[in-house]
Amino acid sequence: MLFVQDNNLFKVTFLAACILLTETLLFHVLNYIHNFYVATLAISLVMLGIAAGALVVPKIKLKVKDLFSVCCLGMVVSLFITAVFVVFYPKIWVLALVIPLCFIFPVAFIMRMFTDEQVKSVYLFDMIGAGLGVIFTVKFFDLFITEEIYLLLILVVSVAGLLSLKKLAPKTMKFIYVSLLCIAISSCALLVIQIKNDSLNLFRIINRDAGLNTRKLFMFSNYKPEMLVKSYDSLAGRIDLFDRGSSYLVAYNGFGNDHFENSKSVGYRPEKGEKVLTKDIRVLHGPVKEPKVFVIGSSAQGIIKPLKTITPPENIYTVELNPNVIKIMQEDFYEESGRAYENLNPNLGNGISVLKSVKKKFDIITMINTHASKSISIPGAPDYLHTNQTYDLFFDRLSDKGYLLMEEQVSNRDGELGMIRMLNTLWQTLKQRGAENPSEHFVVWEWMSSIVKHEDYEINPNHYISLIVTKEPLRGEFRESVFNVLDGMIEERHSRNWLARLAYANGKSGQKEFEKIFSMIESGDFGSLEQEGFNSAIVTNNRPFVGIVHRKFEPVINAVIISGIVTLLLWGLFTFIISRKSKVNILHSNALNAFNVLIGVGYFLIEIILMLNYQNVFIGSSSSFVFVLGLLLISSGIGGAKLQNTSLAFVTLLLIPTALFAIVAPDLFLNINTSYFFNVTVSVILIASTGYLMGAYFPRGLNAAKKAGLNTYIPYYFAINSVAGAFAVVLALYLGIHFGYRFTILIAILCYIFAYLVLRALPKKS
């Protein structure tokens, strides 16, 4: 057996794989119970845990053969503790304290190997383990949901710790053996219970009274655990399915955003005349008979049924990025959905990529079910659907009488401001395309999803804004055909005492609020919103944060300040310890210190920005996280082993164009007609090449420390590197939001240039 043999490098590989899997699971969980930004900050917490693990190493006097089992025990206990807090008290600040615990113990063993063994060999096996962690993560999410993977991880780590124990003579080892055995048996029993009954599903057991995201709290509080039918999990996101009696609610990553019911669509029947055409307030139609429709995010029932009443199924081209949606609608709940997907053949993938590969033009392109979250006001992963470049692509793919069909649920003031920013980006895109008066291309209407007692349109969870944006100006017969249908829909809704009204159309009486909005957009003067700090910049692929509606995004700014203070304090502490105890020249010691800070910041700035930027290629936030992180770690390990004798000046010169091209590649994919396979292949090569070159730096620093007689202090340099990385995660979000992805990559490249200069300036002899 692998763990019975005293092969420490393979143990490094095993623990590295477990670290990657744990990091992905925690990212996925925090994205589910909080939001994307909190999940990204979890990477920073992981780095703090790694730093703490590095510092623990000098204090551990155990033999290496015993250390592995102790570290396995510490890891599984930490995983249990973290799970308890996630379930019963998921406050962000509490999770910030417990999440690092999961990484202290496995890192302690790996750092012991860095101290005792050859640096490049340990680094290589460490990175290979991370790569295997990626493979396991992808495969596990094909088979299990998060809770099951979490329990499986605890089981595997505890069994590995048991198998590595040889002699049980000391009482301590007997205690560790018994503890690991109990944990292995418990986790196995819990895993069987979960797989059989789904009774440990996070939605069922989470404490609804403690610290959830407010919009998700609405979801968790208003749907009882017994209403949950089934949870589906994948790296594209989590889906929870609820039985509401007359219909099924479909929740995406904790947000209720769609439903389906067992009522079969009548389908398109032209022989029956126009009376059978849909009265669904969301689906404006009329200019083109039997329109060709491209649906980005076919979702569950979505708008599929009403679309089938206005055009034959062969005219409906649908794309869905979550494979479980298709599984639900075409397999598990095909009949219960009223066969909503009957005669449809939805494409699995990214809507933008698929649209680029389709040669035909469409009369309608819909984005009704593609919100990054339930409301535009809630920060979600940037999905590139609402950027200037993507809108331009959409308009290119529309027929002359074609239009974008969109919808937003405006739940608060931030939601309103987000909608204004989205409208401004659409308006400016049309202006760039040569539109004489872009306002002539818009029709906006408001409606409520249920009967509302009040007469006015206060900001309300049931309040929706729908709009079309036409490729050509809305004039003549084109305009008349649109309003004939829209006026009829509004009148029909009023007949049922459900509220709906025209909000804006150029030259037609609408609502003063929207007239003011379009007046601001036309003049470019958003002065009336200045006191709210409104961010009027158009959304681009370089800064695709449509939900960031203020020039100052307080959560990230606060995180930068707190993380910066913690980083400075820890860095100062480590520097003081090394300089006080080390007999090496203080200048030499501080140079190594600065080197590890620079490459720590540079590496994680690049990692986070690539992770954000490649969501458009790898389909979704979790999948982008796994693939980018995994590719960088594997390639860094290989680079660290292979580039030790290569000039660091040459490596740095290669890194500059490679990193820059890696960041602009997704934009280029949008502008050239390339296949999904080509995009992914080139992306893998670019990310791996960047990681390969970055891998040359870290082992050089550790080897320089060894040559200087600083073997004992390698864990401190490792900790300094990790703490710098923790700060860089938060800094990357701040820079990406406020200055853009490309600016952030330039800062990262400067870090590597300065790191090279620092290492070059080190004395040749200690």
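- Listed by first and then second residue, the salt bridge (Lys or Arg N to Asp or Glu O under 4.0 Å) pairs that reach into residues 229-253 are Glu147-Arg238, Lys230-Asp332, Asp233-Arg238, Arg238-Asp240, sequence neighbours excluded.
- Under the rule for a salt bridge (charged side-chain N to carboxylate O under 4.0 Å, His left out), Arg479 has no partner lying at least two apart in sequence or in another chain.
- The side-chain contact (heavy atoms from CB on, under 4.5 Å) search around Val444 returns Ile465, Leu467, Ala503, Tyr504, Phe514, Phe518, not counting sequence neighbours.
- With a 6.0 Å radius and a threshold of 12 heavy atoms from other residues, nucleotides or ligands, Glu491 has its CD atom at or below the threshold.
- Sorted by first and then second residue, the ring pair (Phe, Tyr, Trp, His ring centres under 6.0 Å) pairs with a member in residues 287-309 read Phe294-Tyr317, Phe294-Phe362; sequence neighbours excluded.
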Inset, instruction - Apply side chain to side chain contact (heavy atoms under 4.5 Å, CB included) to the pair Met520 and Leu529, showing each step before the final yes or no. - result: CA-CA 10 Å; Met520 285 189 291; Leu529 301 177; 4.0 Å; yes

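- Residue pairs satisfying the salt bridge (Lys or Arg N to Asp or Glu O under 4.0 Å) criterion with at least one member in residues 527-545, sequence neighbours excluded, are listed as follows: Arg413-Glu532, Glu530-Arg551.
- Taking the six-membered ring wherever Trp is involved, the centroid distance between the rings of His28 and Tyr32 does not fall below 6.0 Å.
- Atoms CG and OG, on Asn262 and Ser246 in that order, are 11.0 Å from each other to the nearest 0.5 Å.
- Every residue was checked against the side chain to side chain donor-acceptor pair (under 3.5 Å) condition with Glu480, not counting sequence neighbours, and none meets it.
- Side-chain atoms of Glu320 come within 3.5 Å of backbone atoms of Ser299 as a donor-acceptor pair (strictly under, hydrogens ignored).
- By the 6.0 Å contact criterion, CD on Glu331 is enclosed, its count of non-hydrogen atoms from other residues, nucleotides or ligands being greater than 12.
- Side-chain contact, Tyr391 with His386: a donor N or O sits under 3.5 Å from an acceptor N or O.
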Inset, instruction - Please test Met448 against Tyr464 for side chain to side chain contact (heavy atoms under 4.5 Å, CB included), starting from the C-alpha separation and ending with a verdict. - result: CA-CA 6 Å; Met448 293 286 187; Tyr464 288 84; over 6 Å; no

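- Within the structure, salt bridge (Lys or Arg N to Asp or Glu O under 4.0 Å) pairs that include any residue of residues 293-316 do not occur (at least two apart or interchain).
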Legend entry - Asp400/Lys361 under salt bridge (Lys or Arg N to Asp or Glu O under 4.0 Å): CA gap, chis, key distance, verdict: CA-CA 9 Å; Asp400 289 343; Lys361 296 206 170 189; over 6 Å; no

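- In terms of modelled atom types and a separation under 3.5 Å, the side chain of Asp258 and the main chain of Gly302 share a donor-acceptor contact.
- Residues passing the side-chain contact (heavy atoms from CB on, under 4.5 Å) test with Asp487 are Phe483, Lys508, sequence neighbours excluded.
- Applying the side-chain hydrogen bond (donor to acceptor under 3.5 Å, both in side chains) test to every pair with at least one member in residues 420-430, sequence neighbours left out, gives these pairs: Asn388-Thr429, Asn424-Gln428, Trp427-Ser439.
- Looking at Thr318 and Tyr341, their side chains never bring a donor and an acceptor atom within 3.5 Å of each other.
- For Glu477, the CD atom is loosely surrounded, since the number of other residues' heavy atoms within 6.0 Å does not exceed 12.
- Gln330 is linked by a side chain to side chain donor-acceptor pair (under 3.5 Å) to nothing, counting only residues two or more places apart in sequence or in another chain.
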Legend entry - Worked check of side chain to side chain contact (heavy atoms under 4.5 Å, CB included) between Val293 and Thr366: CA-CA 8 Å; Val293 186; Thr366 81; 3.8 Å; yes

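- Checked against the 6.0 Å centroid criterion, the rings of Phe203 and Phe242 qualify as a close aromatic pair.
- When only modelled atom types and interatomic distance are considered, Asp414 and His550 share a side-chain donor-acceptor pair under 3.5 Å.
- Evaluation of the side chain to side chain donor-acceptor pair (under 3.5 Å) rule for Asn535 yields no partner, not counting sequence neighbours.
- Remark: Ser466 pairs with Trp447 by the side chain to side chain donor-acceptor pair (under 3.5 Å) rule, at least two apart or across chains.
- Judged by distance alone, the side chains of Tyr248 and Ser337 never bring a donor and an acceptor atom under 3.5 Å apart.
- Looking at Ser536, its side chain never comes within 3.5 Å of a backbone N or O of Phe526 through a donor-acceptor pair.
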